[in-house]
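Each chain gets a letter, A, B and so on, in the order the sequences are listed, and its residues count up from 1. What you see is a predicted model; the values in this text were computed from it and never measured.
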Amino acid sequence: MAEEKLPTRSEDFAEWYNQIVLKAEMADYAPVRGCMVVRPYGWTLWENIQAALDRRFKETGHVNAAFPLFIPMSFLEKEKEHVEGFSPELAVVTIGGGEKLEEPLIVRPTSETIIGYMYSKWIQSYRDLPVLINQWGNVVRWELRTKLFLRTLEFYWQEGHTAHATEEEAREETLRMLGVYADFAIHEAAVPVIQGVKSQTEKFAGAVMSTTIEAMMGDTRALQSGTSHYLGQNFARAFDIQFLDRNNTLQHCYTTSWGLSTRFIGAIIMTHGDDQGLILPPRLAPIQVVIVPIFKAEAETAAVLETVARIQSELKAAGIRVKVDDRTEVTPGFKYNDWEMRGVPLRMEVGPKDIEKQSVALARRDIPGREGKSFVPQTGLAATVTDMLADIQKSLLDRATAFRDSHIHQPKDYAELIEVVSNGWAYAWWCESAECEARIKEETKASSRCIPLDQDEGHGRCIVCGKDAKRKGYFAKAY
RNA sequence: CGGGGCGUGGCUCAGCCCGGUUAGAGCGCUGCGUUCGGGACGCAGAGGUCGGCGGUUCAAUUCCGCCCGCCCCGACCA
């Protein structure tokens with residue numbers, strides 16, 4: 001059961017986050033260091049995320065499949081950058097069935113290699129292309145510093161892997177899926193994101209180009225919330241993914257990969273939550289409306305519960321995810337706080353006065369206190385609730401966007417950049433050299449987040465070295 | 001992996017410095033009763049190998065060593 005108070009976000013954002021995850025019963029610590037248990041409330045949220053993404057994947061022509069958890073160690077070694085990037089964080093299986101294995105197996109940290117191996121078997125001709133496969137699964141990366149949802153040894157995600165006949169097509173796919181992520185983040189999760197390209201130092205191990213959606217959390221730190229990579233022919237060469245083109249010439253494929261993980265749950269929590277707890281976007285919330293029945297005397301109980309049951313089935317029939325909190329051992333006031341902490345977007349109170357007036361009380365989670373409370377007639381309630389949920393969804397996005405935009409600054413010089421990244425993002429001309437990027441990171445702890453796709457025309461002078469810069473980039477402290 | 005903090009009923013912690021009868025508190029949990037439109041209350045209960053191993057001692061939750069785990073801050077990452 002919930003304790004009464006959370007630390008406020010301003011006094012201790014990290015602790016606020018930890019407690020919210022635990023108290024809202026999203027996840028819990030597992031007995032293995034760095035591992036988490038995703039509890040039913042958190043997993044239902046993930047299932048809703050999955051459904052929203054999966055629908056988009058199917059709409060863009062992708063199909064799902066499942067590849068093995070174990071990958072031969074030698075596979076990873078076939079792509080130089082890939083193995084360098086991942087070897088420090090691999091879990092390796094050396095014993096199976098009591099016998100020492102001839103070749104160690106790694107627990108997949110990502111599946112480019114084993115999927116590449118399979119693609120080389122499956123692809124012969126340009127007629128076989130493109131191959132557009134996604135898989136939902138779990139992966140393991142042996143991280144040193146972990147945090148629930150944001151970075152755990154094992155996490156759940158989807159990884160799309162596609163193979164194409166041309167560079168152009170593969171680059172298009174990379175950006176198409178980045179767009180899918182952005183659309184999902186903005187329209188389902190109400191998390192405003194910036195689409196951009198990762199710097200060479202920040203890109204995925206083995207990619208030619210990595211793209212990202214970057215979101216701003218409530219403490220202004222940035223969170224990479226999804227990534228899409230153009231892999232060029234790197235993995236095709238490593239795994240001999242080849243095809244005969246129309247001219248009977250043998251060519252290597254161009255491949256992409258893209259992923260979004262349970263980390264996104266962390267993004268939702270840290271984007272929308274307030275000092276009362278979680279606020280979940282209606283479109284993804286496991287429970288959209290919680291009904292709290294209220295009765296003083298026993299004589300009122302039956303009438304209230306009857307009305308509540310009727311309303312519940314009306315809302316259900318309208319496709320609204322609704323829960324009735326009929327616990328008798330806690331007071332209504334306790335329930336209000338409890339469900340607010342769990343982020344349910346809309347609360348409905350039904351009591352004796354409502355029976356009399358044929359009304360109900362509605363309280364919006366995004367507007368605390370009196371202001372967010374309204375009394376509406378029971379007739380047409382499903383429509384009223386549906387509209388209000390849509391309005392909450394919109395107001396969450398508007399609020400998060402306004403917050404983000406008010407914390408993005410365009411520093412005029414390096415001194416000002418140092419200042420702004422202490423509580424926000426810097427958007428500045430950058431020569432794109434690793435040296436300038438490294439200097440910013442060393443001196444401010446802020447890393448380059450991305451070079452946004454959406455760029456102003458023209459050019460300027462690099463905020464660090466003053467050399468000519470063609471594009472602007474975002475710099476921020478990040479998770 | 002470096003620095004810091006912490007491990008005592010389910011949770012948060014006191015006790016330990018200065019070793020000594022049956023180890024406490026608040027919250028939570030169970031039962032009964034009164035409550036119920038913004039975190040209710042009374043009464044009666046249940047619940048502990050004091051993180052683990054080893055050492056010192058007549059005696060260790062308390063002193064010493066090692067180990068394990070968690071949290072926070074730094075180097076790496078979705």
Quiz item: So, is Asn18(A) near the phosphate of C72(B), with a side-chain N or O under 4.0 Å from OP1 or OP2?
Solution: yes
Quiz item: Given Ile291(A), which of Val360(A), Thr307(A), Asp326(A), Ile311(A) fulfils the side chain to side chain contact (heavy atoms under 4.5 Å, CB included) condition?
Solution: Ile311(A)
Quiz prompt | Stems formed with participation of RNA chain B [Watson-Crick or G-U wobble, under 3.5 Å, three or more pairs] | solution = B:1-7 with B:68-74, B:10-13 with B:24-27, B:29-34 with B:40-45, B:51-55 with B:63-67
Practice problem: Kindly confirm or rule out a cation-pi arrangement of Arg221(A) over Phe13(A), judged by NZ or CZ under 6.0 Å from the six-membered ring centre and within 45° of its axis? | Solution: no
Quiz prompt | Whole-Å gap separating P (G37(B)) and CE (Met348(A)) | solution = 19 Å
Exercise. Identify which nucleotide among A75(B), G37(B), A40(B) has an atom closest to any side-chain atom of Pro352(A), counting heavy atoms from C-beta outward.
Key: G37(B)
Self-check item: Base-contact (B) and sugar-phosphate-only (S) positions in nucleotides 30-35 of chain B, heavy-atom cut-off under 4.0 Å, - elsewhere
Solution: ------
Quiz prompt | Cys35(A) or Asn337(A), whichever maps to the more 5' nucleotide of RNA chain B | solution = Asn337(A)
Practice problem: Specify the residue among Glu143(A) and Gln276(A) whose closest nucleotide of RNA chain B lies further upstream toward the 5′ end. | Solution: Gln276(A)
Quiz item: Going by modelled atom types, is there a donor-acceptor pair between the base of G38(B) and the side chain of Arg370(A) at under 3.5 Å?
Solution: no
Quiz item: Nearest to the side chain of Glu89(A) - C77(B), G37(B), C72(B)?
Solution: C77(B)
Quiz item: Looking only at side-chain N and O atoms, does Tyr29(A) come under 4.0 Å of OP1 or OP2 in G69(B)?
Solution: no
Self-check item: Proximal nucleotide (of C1(B), G37(B), A40(B)) relative to the Ile294(A) side chain
Solution: G37(B)
Quiz item: Hey, does the Lys NZ or Arg CZ of Arg141(A) hover above the aromatic six-ring of Trp157(A), less than 6.0 Å from the centre and inside 45° of the axis?
Solution: yes
Quiz item: Among C71(B), C1(B), G37(B), which is the nearest nucleotide to the side chain of Glu349(A)?
Solution: G37(B)
Exercise. In whole angstrom, give the distance that lies between atom CG of Leu153(A) and atom P of C76(B).
Key: 19 Å
Quiz item: Mind checking whether Leu260(A) and Ser225(A) have side chains closer than 4.5 Å, heavy atoms only?
Solution: no
Practice problem: List for me each residue that meets side-chain hydrogen bond (donor to acceptor under 3.5 Å, both in side chains) alongside Glu437(A), sequence neighbours excluded, and say none if there are none. | Solution: Ser199(A), Thr201(A), Ser448(A)
Quiz item: Quick one: does NZ or CZ of Arg171(A) land under 6.0 Å from the six-membered ring centre of Tyr254(A), within 45 degrees of the ring axis?
Solution: no
Practice problem: Kindly indicate whether the side chain of Arg151(A) and the base of C77(B) share any N or O donor-acceptor pair separated by less than 3.5 Å? | Solution: yes
Quiz item: With no hydrogens and no angle check, is any side-chain donor or acceptor of Thr271(A) less than 3.5 Å from a backbone partner on Ile268(A)?
Solution: no
Practice problem: State whether Lys373(A) places a side-chain N or O below 4.0 Å from either non-bridging phosphate oxygen (OP1 or OP2) of G38(B). | Solution: no
Practice problem: Please tell me if the side chains of Glu214(A) and Tyr474(A) come closer than 4.5 Å, counting only heavy atoms from C-beta onward. | Solution: no
Quiz item: What about Asp354(A), does its side chain sit under 3.5 Å from the base of G37(B) through a donor-acceptor pair?
Solution: yes
Exercise. Grab the CD-P distance between Glu442(A) and G74(B) for me, whole Å please.
Key: 15 Å
Practice problem: Using atom types as modelled and distance alone, determine if a side-chain donor or acceptor of Arg321(A) lies under 3.5 Å from a backbone N or O of Ala285(A). | Solution: yes
